[in-house]
Amino acid sequence: MVSMAEHALIVCHTGARPPEWVDEVAAGFGVRLVSLGAAGASVRSTEEAAGRLALLRPGGYLMNHPWYGPYLSVEAADAACGGLRIVTYMGATREARVYDTFFDVAGLRRRGVLLTSPALPSLAVAESALTLLFALELGLLPAHLEASSGGTGADRGMAIGARNGLLGSTLGVVGLGQIGRLVAQLAASWGMRVICWSRTRRPDLEEEMGIRHVTLPALMEEADHVTIHTPILTTRGLIDHDALARARGINLVNTTSDPGVVDGHALLEALAEGRVRRVAVEGAYPEPLQERLRETGGDRVLLVPAYTSWGNTPREQERTWRHQLETYRALLEGRPLEDELR
């Protein structure tokens, strides 16, 4: 075991404390994880971060769920006295532009700092999206409400439109990244036709998976169901009035953990007009939008807390942390890193 004084890499982290086993494994090959805030306190400003980095002089900086910490400027990074070697965001993509909100991508690269993200496919989010879709299409929520009030739940939800099931229906996947492609794979295995729209085309992947890429308007027109898997930081408001105006009675599932990719006012209008039959939303809109969604009724609106993208499952958490530990080990051993941002 490496002693505290012999650590080859000090890593400051923001957000939740890593699990104890991560500390133990990391210490075994020379990495020490410490909170950016003194005694675990939150650091919320770039100035505070610079002060702590000047004191700790870490070689690594890790932004962890559920709150990623202050913006990391080049000036704050310089406070680490030139020792900062790697910055990691525990996110779900390796698209560098997504992370400009959290740190100075271009500036840190000019300093020679490695920028990384584990960005492992999150099966928990994909499974959650399709589970919510099943709940919507099979009328499980209205059935539950009826049964909870003493009824049988057998006939609830039928007035919203006939349920045809998922087999043979068309699923529109918005965003064919790590999570979107898992959703597409699972949906295809259940006999659904899958179409997609993504900012970045992957013709090889589309051909391999048998997915047809269409424009976003065409996707909204053709799909029976739509699931959304795009980075919220770069696609806020993507699904707006114009997009939802083309829908023809869809089930809509948004598990981005920040509902803002779907315009809340446009969603309420689409629900009122029947262009969206039912919707499942992970996370909360600002009030009064969230209250208006609740008032729409539990037979059409399923609201869940932001849990899959932040909490995932114990299995996914362990897998992600082990991948991150391997990144640090590779850095210390001078091996190429697999998870640098593009």
Side-chain angles (χ1 to χ4, degrees), residues 1-91 94 99 102-105 107-109 111-120 310-312 314 316-341:
M1 181 68 70
V2 180
S3 71
M4 298 295 278
E6 296 172 333
H7 282 93
L9 183 68
I10 304 296
V11 177
C12 283
H13 71 82
T14 63
R17 179 77 193 168
E20 289 186 8
W21 69 265
V22 173
D23 287 326
E24 294 172 1
V25 173
F29 61 87
V31 173
R32 180 188 175 195
L33 293 161
V34 297
S35 174
L36 180 65
S42 295
V43 173
R44 296 191 175 273
S45 73
T46 297
E47 293 73 18
E48 283 185 88
R52 287 291 294 169
L53 290 170
L55 178 66
L56 297 169
R57 299 189 179 186
Y61 188 91
L62 183 145
M63 309 180 92
N64 189 28
H65 300 297
W67 182 74
Y68 296 100
Y71 180 79
L72 182 63
S73 65
V74 168
E75 291 74 20
D78 286 346
C81 300
L84 196 60
R85 302 167 61 187
I86 183 171
V87 171
T88 298
Y89 180 102
M90 299 291 272
R94 295 200 179 109
Y99 300 122
F102 294 95
F103 49 81
D104 186 341
V105 172
L108 291 172
R109 278 179 166 165
R111 294 292 198 278
V113 178
L114 296 170
L115 307 178
T116 70
S117 175
L120 295 182
W310 285 9
N312 285 319
E316 292 292 313
Q317 287 180 0
E318 178 177 353
R319 187 162 164 255
T320 300
W321 277 113
R322 290 197 181 280
H323 182 92
Q324 184 56 38
L325 289 170
E326 179 57 28
T327 293
Y328 290 142
R329 191 190 295 270
L331 177 68
L332 293 177
E333 294 176 357
R335 292 186 279 116
L337 305 187
E338 297 180 358
D339 53 4
E340 285 194 60
L341 301 186

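For the numbers below, each heavy atom of this structure counts, side chains included, while hydrogens, waters and symmetry mates do not. These figures come from a predicted structure and were not determined experimentally.
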J.: Compare all side-chain heavy atoms of Tyr61 with those of Val113 and state whether any distance is below 4.5 angstrom.
T.: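 Counting from C-beta outward, Tyr61 and Val113 never come under 4.5 Å.
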J.: Which atom pair, heavy atoms only, marks the closest approach of Ser117 to Thr88?
T.: CA-CG2, 4.5 Å
J.: For the residue pair Leu115 and Arg109, what are the closest heavy atoms and their distance?
T.: CD1-CG, 3.7 Å
J.: To the nearest 0.5 Å, tell me how far Leu56 CG sits from Ile10 CD1.
T.: 8.5 Å
J.: Show your reasoning for whether side chain to side chain contact (heavy atoms under 4.5 Å, CB included) applies to Thr14 and Val43.
T.: CA-CA 8 Å; Thr14 63; Val43 173; over 6 Å; no
J.: So, are Glu326 and Arg335 salt-bridged, with charged N and O less than 4.0 Å apart?
T.: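 Yes, charged N to carboxylate O under 4.0 Å.
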J.: To the nearest 0.5 Å, tell me how far Phe103 CZ sits from Tyr71 OH.
T.: 9.0 Å
J.: Give a yes or no answer on whether the side chain of Asn64 reaches the backbone of Ala16 with a donor-acceptor pair at less than 3.5 Å.
T.: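 Confirmed, Asn64 side chain pairs with Ala16 backbone.
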J.: Should the heavy atoms of other residues, nucleotides or ligands under 6.0 Å from CD of Glu333 be counted, would the total exceed 12?
T.: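 More than 12 within 6.0 Å, yes.
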J.: Measure the spacing between OH of Tyr99 and OG1 of Thr116 and express it to the nearest 0.5 Å.
T.: 9.0 Å
J.: For Met63 and Pro70, work out which heavy atoms get closest and say how close.
T.: CE-O, 3.6 Å
J.: Measure the shortest side-chain to side-chain distance between Leu36 and Glu48 over non-hydrogen atoms and say whether it is less than 4.5 angstrom.
T.: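 No, too far: nothing below the 4.5 Å cut-off.
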J.: Do other residues, nucleotides or ligands put more than 12 heavy atoms under 6.0 Å from the CD atom of Glu340?
T.: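 Yes, CD of Glu340 has more than 12 neighbouring heavy atoms, counting only those of other groups under 6.0 Å.
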J.: Please check: side-chain N/O of Arg94 versus main-chain N/O of Pro118, any donor-acceptor pairing under 3.5 Å?
T.: yes
J.: Do Leu53 and Cys12 come within less than 4.5 Å of each other through their side chains, counting heavy atoms only?
T.: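 Result yes, sub-4.5 Å side-chain heavy-atom pair found.
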J.: Quick one: are Leu62 and Met90 in side-chain contact, heavy atoms under 4.5 Å?
T.: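 Heavy-atom side-chain distance check passes, below 4.5 Å.
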J.: Answer whether the closest heavy-atom distance between the side chains of Leu108 and Leu72 falls below 4.5 Å.
T.: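 Leu108 reaches Leu72 side chain to side chain.
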J.: Answer yes or no: is there a side-chain heavy-atom contact under 4.5 Å between Gln317 and Pro19?
T.: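 Of all side-chain heavy-atom pairs linking Pro19 with Gln317, none is under 4.5 Å.
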J.: Nearest heavy-atom pair of Thr327 and Ile86: which atoms, and what distance?
T.: CG2-CD1, 3.9 Å
J.: Quick one: closest heavy-atom pair of Ser35 and Arg17, and the distance?
T.: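 Taking Ser35 first and Arg17 second, the nearest heavy atoms are N-NH1, 3.8 Å.
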J.: Decide yes or no for Trp21 and Leu325: does some side-chain heavy atom of the first lie under 4.5 Å from some side-chain heavy atom of the second?
T.: yes
J.: Looking at every heavy atom in both Ala76 and Thr46, which two are closest together, and how far apart are they?
T.: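 Of all heavy-atom pairs spanning Ala76 and Thr46, the closest is CB-CG2, 4.0 Å.
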J.: Given the rule in the side chain to side chain contact (heavy atoms under 4.5 Å, CB included) test, do Leu332 and Arg85 qualify, once you have shown the distances and angles that lead to the verdict?
T.: CA-CA 10 Å; Leu332 293 177; Arg85 302 167 61 187; 4.1 Å; yes
J.: Go through the structure and list residues passing side-chain hydrogen bond (donor to acceptor under 3.5 Å, both in side chains) with Arg111, not counting sequence neighbours.
T.: Asp78
